[in-house]
Structure formats: C-alpha cells, structure tokens
Amino acid sequence: MSMTKRNQGGDFDQNQWSFETNSTNEYDDGFHDAYGDGGDERLQGDIENTDKPWKPLSRVFPIKTSIIVPYRILIFTRLIVLGFFLHWRIVNPNNNAIWLWLMSIVCEVWFAFSWILDQIPKLCPINRSTDLEVLREKFDLPLSSNPTGRSDLPGVDFFVSTADPEKEPPLTTANTILSILAVDYPVEKVACYISDDGGALLTFEAMAEACCFADLWVPFCKKHNIEPRNPDAYFNLKGDPTKGKTRPDFVKDRRKVKREYEEFKVRINGLPDAIRRRSEAFNAREEMTLLKHLRESGADPMENPKVQKATWMADGTHWHGAWSNAAKEHSKGDHAGVLQVMLKPPSYDPITGNSEDQLVDFTGVDIRLPMFVYVSREKRPGYDHNKKAGAMNCLVRASAILSNGPFILNLDCDHYINNCRAIREGMCFMMDQGGEDICYIQFPQRFEGIDPSDRYANHNTVFFDGNMRALDGLQGPVYVGTGCMFRRFALYAFDPPNPAKMTVAKENETQPLTTSDFDPNLDVNLLPKRFGNSTMLAESIPVAEFQGRPIADHPDIKFGRPPGALRVPRDPLDAVTVAEAVSVISCWYEDKTEWGERVGWIYGSVTEDVVTGFRMHNRGWRSVYCITKRDAFRGSAPINLTDRLHQVLRWATGSVEIFFSRNNALLASTKLKFLQRLAYLNVGIYPFTSFFLIVYCFLPAMSLISGQFIVQELNIWFLVYLMIITFCLFGLALLEVRWAGIGLEEWWRNEQFWLISGTSSHFAACIQGLLKVIAGIEISFTLTSKSAGEDEDDIYADLYLVKWTSLMIPPIVIALVNIAALVIAFARTLFGSGKWNMFIGGAFFASWVLCHLYPFAKGLMGRRRKTPTIVFVWAGLISIIISLLWMALNPGGINALGTTDTNDG
Ligand SMILES: O=c1ccn([C@@H]2O[C@H](COP(=O)(O)OP(=O)(O)O[C@H]3O[C@H](CO)[C@@H](O)[C@H](O)[C@H]3O)[C@@H](O)[C@H]2O)c(=O)[nH]1
Ligand SMILES: [Mn+2]
C-alpha cells in the first residue's frame, strides 16, 4: 500500500522531528525575485545570527525564453495535431487490409502515449550554479562563532562498490579510491568505505597497496594542485603537464611520483600471482602437517580431507573472505564478513610534512589522509544478498557506527572524482538556505574511453543533459546509481522536515539544543523494528540529522559549539565499536527489519537506484541536479555491442520489475508531483514499447510485399497531419539540443540506439520481467566488464569484438526482412505494376527502419567484416520462415512477380 498510510502508522515520522528553519517556500519566492532583479537585497537581513548579510550559495537559471517558449508551443501543437491524426486514422480504416490498419493504429496509439510520457515532463528544464567562494566564507574562514579556524563543513562518507576483481580490475578500483582520498574537502570530515562483494583477498590487498601509495599521492596532489586526482587518468593526460604549475620543483616531483606510480601498478598487477603462489605453498604445508598428524594418531591417511581451499594473507593467517583456486572454484556466496579500518581517522588539525621522511619535499603541505575502511559483508547460502542495494545498506550501517557522516556519496568502482571540488559544489545546495528538504544531489554520469563516434549512444547525453535537467525543474533528477550525494537522514526513510512545524519550533527556541534533548519524542523502543538491533546505530541517527542541516540552522555556527564536536561520538578503532560494525554487516542483521523495504537502498529491482530515489521523492523530498563546469566524476561504459545490449537489458528488466511492484508510479503518494509521477511512470513503462516497435518495424516490409499501405488512399488530411507531427518532432529535437547543450549528432545516435535496444534488449526485458512475475524466476545482476585500459595501441579493440547473443536476433530479422521486401517490391514494380508512388511510400518507411539499424549492422561486421556464420544462418532461416508464413497466410498478396495486385482497389 502507499507509503503515506504506513507513515501515519509508524511512530517516528515527520512530526517527531523538530526543526527550526524558515519556510522553504518563502525562501524560494524571495530567491527567484531576487535573481530576476539581479540583486540580493530582498534576501539580506533575513537571517539573524550571522556575521554578514546573507548570500545565496546556489542559484537557479531559467532556460532562455527564445528557446523554451517555442519549445513549449511545439509540444502543445504536436499534442493537438497528434489527436487529430489518430482520430482521422481511426475513423478511416483501410478496408483492403484491415489487419495492416489495425496493427499500425494500435502501435501508433501506443507511440503517442509513450511520447507524451517522455515529453510532458520536459516542459520546464532549468540550470543551476553554485558559489564556492561563498561556501568558503561561510564554512572555512574563522568566524566569530568559530574562532579555531577549523572547517565547519559537514562530514561526508564515500561509498565505493565493487563485486568481482576479474570484471572490475583492482587497479581501476584503487585509482578511484586514490581520487577520493585526495579530494579537496577537510580531511577530518572525509571517510571512505569500499564494499567488496567478491570478498576477494586480491581486492583487499590492492586497497592496502593504494593506502601506501596514497601517502605520496595525496600530498603531491595538494602541493601542486593536481587535477584529476586519479593517478592513472592524470598520467595519461595529453598536453603539457607543467601548464599552470608555478612551483619550481613540480617537474622533479612529478617525475618521482610517476615512477612510484609505475611501481605501484606493477605491484597491483602482480598481486593475483603472489596470492596464488602464497596460498598454494601454505595449503601444501598445511596438508603436510595434517598428514603427519593423521599418521601419528594412527588414522588412515587415505581419509585425509584435502586442505586446498583456503586463501592466505601475507602474514600467514587465513583470509576470512571468499577463497578461490586455480580451478576457478570459489566461495563468493559463502564467507564471513570482513571489516578492516585501513586508514585510521586523522587528527583534527593539519600535520605538515617535511623534506626528510618522504620522497618528495612536503614542507608546509598537509600530509594527513582521510579514514578508509574495507568492508566485505558476510554472505551465506540461503540468504538473499540483494545485489548492490544489499551491499550499500551494509555500508550505511557500518559507516553510521564508525564515522556517521551526515552526507553519503556513492560511486561505482570505475567512477572516479574528476573534479576535486565537486563535493563542495554539492554542499552549496545542501547547506543553502531552504536546502533541508533535499534528499540527494545527483551529478551527471560522464564517460571515458568511448569510441569517438559513440556508436551505441554510451554517453547518453539526451538523458543526462535533457531529461535530467528537465526533472531538475520538477521534483528533481532520478538517482542513477553513481555520482550521487545523499542526505543520510533521507536514506533512513524519514519524511522531509515539515515547514509548519519548523516555524513553530523557531518561536519556541530559547536555548541551544543538544543531541539528547534534540528529539524527546523519538521512541527508542521502535527503532529496532525499523533499523535492527544495534544501539550504536540508533544513537547515531539524530546526530546525522542534526549535522546535515543547512547553514542557517547549523548548530555549531549558531551556538558557538566547537565545530564537529558531535561528529564521531565514538573511537572507531575501539574494539567494541569495531565489533558492532562487524555485527551490522552480518547476513542476518536485516531479518525482521525494514532495511531494503523502506530504509536505505530499496530491494527488488536490478535498477535499485531508480527505486531508491523514487521512494524519497514519494515522501516529499526533492533532489537537485548538479552539472559542474569540469565533470565531477568520470567512469567507464561498455563500448562493445553485446555488453552494451546486456547493460540496457538489465536496466530495462529493472524497470519492468518496478512496474510490477508496489513502486509503480501509479501507486505513488500525493507528495509525488504530477509531472514527476509521469516521468517515473515512463521509467517503468518504456520497455513495453518494444512490443509495438517490433511490430511497427515489420510493417514497411509487409506493406511492400503486399502492395498495401496502412491507409487506403493518401488523403490530403493524412498527409498534412503527418507532416505537422513530423516537423514538430524535428523542431523539438532542434530546440532540445539547444537547451540541453548537446549536438544533433548525439540526438540522432540516441534515436538509432533507441530502435536497436527497443527491438532487442527491451523486448527480452519484458519477457524476463513477465517470467519473474508469473513463474517467480529471479533476475541476476550481470556485471559490466570494465577494461583496465592496459592496451594502449588499441583502446577501442572492444568495439570491434563480435560476441554472439540471442538479443541480436530481432534486429537482424527486422533488417533482413526489410531488405528482402525492398528487393521484391522493387522487382515487382519494375517488371510489372509500375506503381512507383506505392513503392516509394513503402520504401521510404523501410529505409527509415534500416537507417536506425545502421550502427547495429556495423557492430555485427566487427573489424574485418568477420561475422560469425551462425548469425547469417539464423537470420536467413528466420526470414525464410517469415516469408513462407506470409505467403501461406496471404496468398493474394504475392501473385508471382510481375502480375498486378488483385487486392488493389
Ligand atoms: O551484487 C552486486 C552487483 C553489483 N555491484 C556493484 O554495482 C555497480 C554497478 O555495476 P555495473 O555492472 O557497472 O553496472 P552499470 O550498468 O554500469 O551501472 C549502473 O546501473 C546499475 C543498476 O543497474 C547501478 O547499480 C549502477 O550504480 C549504475 O552505475 C558496480 O560498482 C558493482 O561493483 C555490487 O556491489 N554488488
Ligand atoms: Mn558501470
């Protein structure tokens, strides 16, 4: 049932938490006016208790009127003409070929519906900007209330997920971690967590190596202001590295660090071998001891249980995570939980380096490193581990106990920080006045290593610069799984602060709040039911809420508290604390709790990201899209056709799962705004378009072969309507690429890939989804392989790799059938009927389909036009079957070549 109902039932939702901020709405109005007038006067003096007049940390820019107004007019025009068109089509059936007419009309109605779902939420896109200077003034400069000069920024916990060192090279992950450890944010406010779902010693040791290298890398980045702070990306930069570097020792330092990085790489790449050899040796020794023991005790040595399954750590102890051996056996799904604080929390005040201890002279440079924790949750057979969502929830709990950052930044292992100030930009929204109801800040996903022509629309710019910008003007962008900064409190399934309640609280406010009197109404007895049995976790919740509040209410500033006084209530190295953190990553911890159901990342869909964001919007939170000038994060994407089709298949399957779950947008609460709801509905429904799309792609061929068309005769109205809706579509595309700031080429690639994936992956996704609903067949999470970027002469080798997948069958068949129909119809017209206008109509639509499939055909060709014969055999067979079927069912349609069509009117 809807979540509102449940909230009222629960005892600790919105009304239980008191807030004392100004009303968000008041602020928003003031803000827009102020911006419109080009002045901030109206906002000045709004805030008492601050040293300086109020300056906004972020701004909203509307899209230029000259673009957005015609854009909206076109949408409405097309909407109306589409109505007329469909009406005309329905009242004018083609009596010569009712089947053709019916098929086409059903598809057209669906396309119109799905176009509306996609288009209407794009009515009000916006742009935003942030002011890092103001953020620095407010949080990083000594204020009268903060005489120590320590930064007053809130803590951020970084979560990185990895699942399989074979598909996700540890070197890539290590580089991501290094980019986080070197982020431009107060060191003592950063904690980094890696979740290793593979439970692999390889990943563990790679992380330990990264920590060692970080001692050199992080201060080097700070000393010379390096960007990006992912060493691999940095050393692969083209262009002059000395550009903009002022210090005379830069070249020398860089050379040294580069050499060290090369050695680091060698060590990481040597790890698999080292671990294997070490484990073989230890296992052999253990076997010997055991044999000796058996012999001494007089037992039969033939009954010796072989000990060859352990993986050994360098210090000669068993690795408690997953073991694996040369025969590719492993215990990924059955191992203990491992939690290791690899870098302990730093001191509050900077520690500067010197010229002696380090390879590089770090005199005057802060050499502290942020806290870093390796986590591999416990896994046992018989428990559903809920894929990435399950992994993230373990990190949420472990981090609540160890560092409890009020904000959480989530990154996939291959997405690194490319702009070291990105977190600060996100904070400009979260900490701005009126930011208390923001649940997350989503940054766009940007990719590297994609072929220059972006054959399979991997950059996805239509989505990231179009759709997401548009959602930003509604309730906010959807969460897309990586590059997203959450408010921890929102992840805990609480409602956003209630403006009415906030005003009341403000009036009553007489003395400083403390953690204990912050929420007297919170019923501690109810917490275990929702969050599980950890008391430390329960205690950390109000603290996180408190510290995540926007600046105007920031308790530290307001009441002159020493900054960060509440941040880490415990010593994360204390044995009791660590034991508690280990207990919350056990596989039974979530039993009979609301984790994954309401709390944290939501389970039940392979696109856990979309559902998780949806649940927050559904509670009335809003999110913000933060596009930074320099890309905030960068990641990798599959450039191989097969991998790409499988990735899209997973996303579409996740959508179908959502559609058939209680997270369907149709069942959402009234707190979800109308257009936002349409957008979410679209996310759940788009895969179903594939049924209609596949049918529609065969229509040109059917029409060419049968000599019939979807309409009986080419009526003037039909043509006029068709022209208007087509031109409106082009006009919309032209304006959309303008406000989204993308190229027309990218838009076209997106259209092409829409048809390719629509006829293959989306179709398979619907089938899979239906199988899950009907037969309960579970859907697995197929990881996308990430290349380590080793092969430098041939970085796009993957693009040309042809790997057969049955997903390719429908597009191949569509292409072949359309080509065959073109040839047949051409021959027939040439030698017989001479009705070229009929032919040209059909040929136009067939070519339209074929144009879309062009990148797909290229993908099948590989580099040397080597396509597996099976592709042709299959496709040939299927097109023959279809043609035969066609002739059997509709003998009138194909009167041998050269004769006139009998059906023709
Ligand atoms: O059981 C699992 C499965 C996956 N992952 C992690 O999930 C991330 C995403 O996997 P990937 O194969 O790279 O999927 P993509 O399609 O590239 O990822 C997008 O789509 C996913 C949803 O399908 C989201 O989870 C991702 O965050 C989002 O970037 C990776 O870091 C994995 O290590 C786990 O931690 N545990
Ligand atoms: Mn990925």
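All values below were derived from every heavy atom in this structure, side-chain atoms included, with hydrogens, water molecules and symmetry-related copies excluded. Only a predicted model underlies this, so the values are computations on that prediction, with no experimental measurement involved.
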Count the heavy atoms of every other residue, nucleotide or ligand shown that sit under 6.0 Å from CG of Asp164, and state whether that count exceeds 12. yes

For Ile602 and Glu597, work out which heavy atoms get closest and say how close. CD1-O, 3.7 Å

By salt bridge (Lys or Arg N to Asp or Glu O under 4.0 Å) - contacts of Arg634 (at least two apart): Glu448, Asp631

Passing option when Leu409 is tested against Thr482, Val190, Ile423 for side-chain contact (heavy atoms from CB on, under 4.5 Å): Ile423

Would Asp609 and Gln442 count as a side chain to side chain contact (heavy atoms under 4.5 Å, CB included) if you check the C-alpha gap in whole Å, the side-chain angles of each, and the deciding distance to 0.1 Å? CA-CA 11 Å; Asp609 41 7; Gln442 176 66 57; over 6 Å; no

Please determine if Asp412 and Lys388 form a salt bridge, counting it only when a charged side-chain N lies under 4.0 Å from a carboxylate O. yes

Asp414 and Ser636 side chains, donor-acceptor separation under 3.5 Å: yes

Please round to the nearest 0.5 Å and tell me the distance separating atom CG of Leu645 and atom NE2 of His762. 9.5 Å

If I take atom CG from residue Leu411 and atom OG1 from residue Thr162, how far apart are they, to the nearest 0.5 angstrom? 12.5 Å

Decide yes or no on side chain to side chain contact (heavy atoms under 4.5 Å, CB included) for Val480 and Gln445, but give the supporting numbers first. CA-CA 8 Å; Val480 290; Gln445 282 187 23; 3.5 Å; yes

Is the NZ or CZ atom of Arg619 both under 6.0 Å from the centre of the six-membered ring of Tyr492 and within 45° of that ring's axis? no

Is there a donor in the side chain of Asn393 and an acceptor in the side chain of Tyr603, or the other way round, less than 3.5 Å apart? yes

Who passes side chain to side chain donor-acceptor pair (under 3.5 Å) against Lys772, sequence neighbours left out? Glu657

Given Phe158, Trp621, Trp601, the one that forms ring-ring contact (aromatic ring centres under 6.0 Å, His included) with Phe486: Trp601

Whether Glu594 side chain and Lys529 backbone form a donor-acceptor pair below 3.5 Å: no

Quick one: does any side-chain atom of Ser623 pair with a main-chain N or O of Cys439 as donor and acceptor, under 3.5 Å? no

Applying side-chain hydrogen bond (donor to acceptor under 3.5 Å, both in side chains) to Arg488 and Ser399, what does each step give before you reach the verdict? CA-CA 10 Å; Arg488 186 184 276 274; Ser399 65; 2.7 Å; yes

Above 12 or not: heavy atoms from other molecules or residues under 6.0 Å from NZ of Lys167? yes

For Val341 and Lys344, which heavy atoms make the closest approach, and how far apart are they? CG1-CA, 4.0 Å

Could you name each residue pair satisfying ring-ring contact (aromatic ring centres under 6.0 Å, His included) that touches residues 763-784, not counting sequence neighbours? Phe691-Phe763

Closer than 3.5 angstrom, by distance alone: can the side chain of Arg677 be matched with the main-chain N or O of Ser669 as a donor-acceptor pair? yes

How many angstroms lie between atom CG of Leu771 and atom CD1 of Ile777, to the nearest 0.5 angstrom? 4.5 Å

Identify each donor-acceptor pair in which a side-chain atom of residues 313-322 lies under 3.5 Å from a protein atom, sequence neighbours left out, and give them as a table.
residue	atom	partner	partner atom	Å
Asp315	OD1	Thr317	N	3.2
Asp315	OD1	Thr317	OG1	2.6
Trp319	NE1	Gly199	O	2.9
Trp319	NE1	Ala322	O	3.4

On a heavy-atom basis, the closest approach of Thr176 and Cys413 is OG1-O, 2.5 Å

Look at the side chain of His646 and the backbone N and O of Thr642, then say whether any donor-acceptor pair between them is shorter than 3.5 Å. yes

Residue set satisfying salt bridge (Lys or Arg N to Asp or Glu O under 4.0 Å) with Glu580, at least two apart, ordered chain then number -> none

Drop me the distance from Ile177's CD1 to Phe372's CZ, to the nearest 0.5 angstrom. 4.0 Å

First locate atom OG1 of Thr653, then atom CD1 of Ile767, and finally report the distance between them rounded to the nearest 0.5 Å. 11.0 Å

Not counting sequence neighbours, which residues clear side-chain contact (heavy atoms from CB on, under 4.5 Å) with His330? List them please. Ser324, Lys332

Between Ala210 and Leu178, the two heavy atoms sitting closest are O-CD2, 3.5 Å

Whether His617 and Tyr680 hold their rings parallel, tilted or perpendicular, with breakpoints at 30° and 60°: tilted

Is the backbone of Gly548 close enough, under 3.5 Å, to the side chain of Arg487 for a donor and an acceptor to pair up by distance? yes

What heavy-atom pair brings Gly481 and Asn410 nearest, and what distance separates the two atoms? O-OD1, 2.6 Å

Go through the steps for Arg615 and Asn663 under the test side chain to side chain contact (heavy atoms under 4.5 Å, CB included), then give the verdict. CA-CA 8 Å; Arg615 293 294 281 265; Asn663 295 313; 2.8 Å; yes

Just by distance, do the side chain of Asn404 and the backbone of Ser540 share a donor-acceptor pair under 3.5 Å? yes

Tell me if a side-chain donor or acceptor on Ser376 pairs with a main-chain N or O of Asp196 at a distance below 3.5 Å. yes

Verify the distance criterion only: is there a donor paired with an acceptor across the side chains of Gln647 and Arg650 at less than 3.5 Å? no

Hey, are Asn175 and Tyr416 close enough side-chain-wise for a donor-acceptor pair under 3.5 Å? no

By ring-ring contact (aromatic ring centres under 6.0 Å, His included) - contacts of Phe159 (at least two apart): Tyr193

Residues that Cys587 engages under side-chain contact (heavy atoms from CB on, under 4.5 Å), provided they are two or more places apart: Glu378, Arg380, Tyr383, His385

Kindly say whether Pro477 contributes a backbone atom to a donor-acceptor pair with the side chain of Tyr440 at under 3.5 angstrom? yes

Residues at least two apart in sequence or cross-chain that pass salt bridge (Lys or Arg N to Asp or Glu O under 4.0 Å) with Asp273, listed by chain then number, are Arg276, Arg277

Can you give me the closest heavy-atom contact between Ser403 and Met371, atom names plus distance? CB-SD, 4.3 Å

Listed partners of Arg397 passing salt bridge (Lys or Arg N to Asp or Glu O under 4.0 Å), at least two apart: Glu590

Would you mind listing every side chain to side chain donor-acceptor pair (under 3.5 Å) that reaches into residues 773-782, with sequence neighbours excluded? none

Rounded to the nearest 0.5 Å, what separates atom CG in Leu202 from atom CD in Glu205? 8.0 Å

Residues in side chain to side chain donor-acceptor pair (under 3.5 Å) contact with Arg377, at least two apart in sequence or another chain: Asp197

Under 3.5 Å: donor-acceptor pair, side chain of Thr607, backbone of Val610: no

Check for a donor-acceptor pair, side chain of Gln768 on one end and backbone N or O of Ile779 on the other, with a separation under 3.5 Å. no

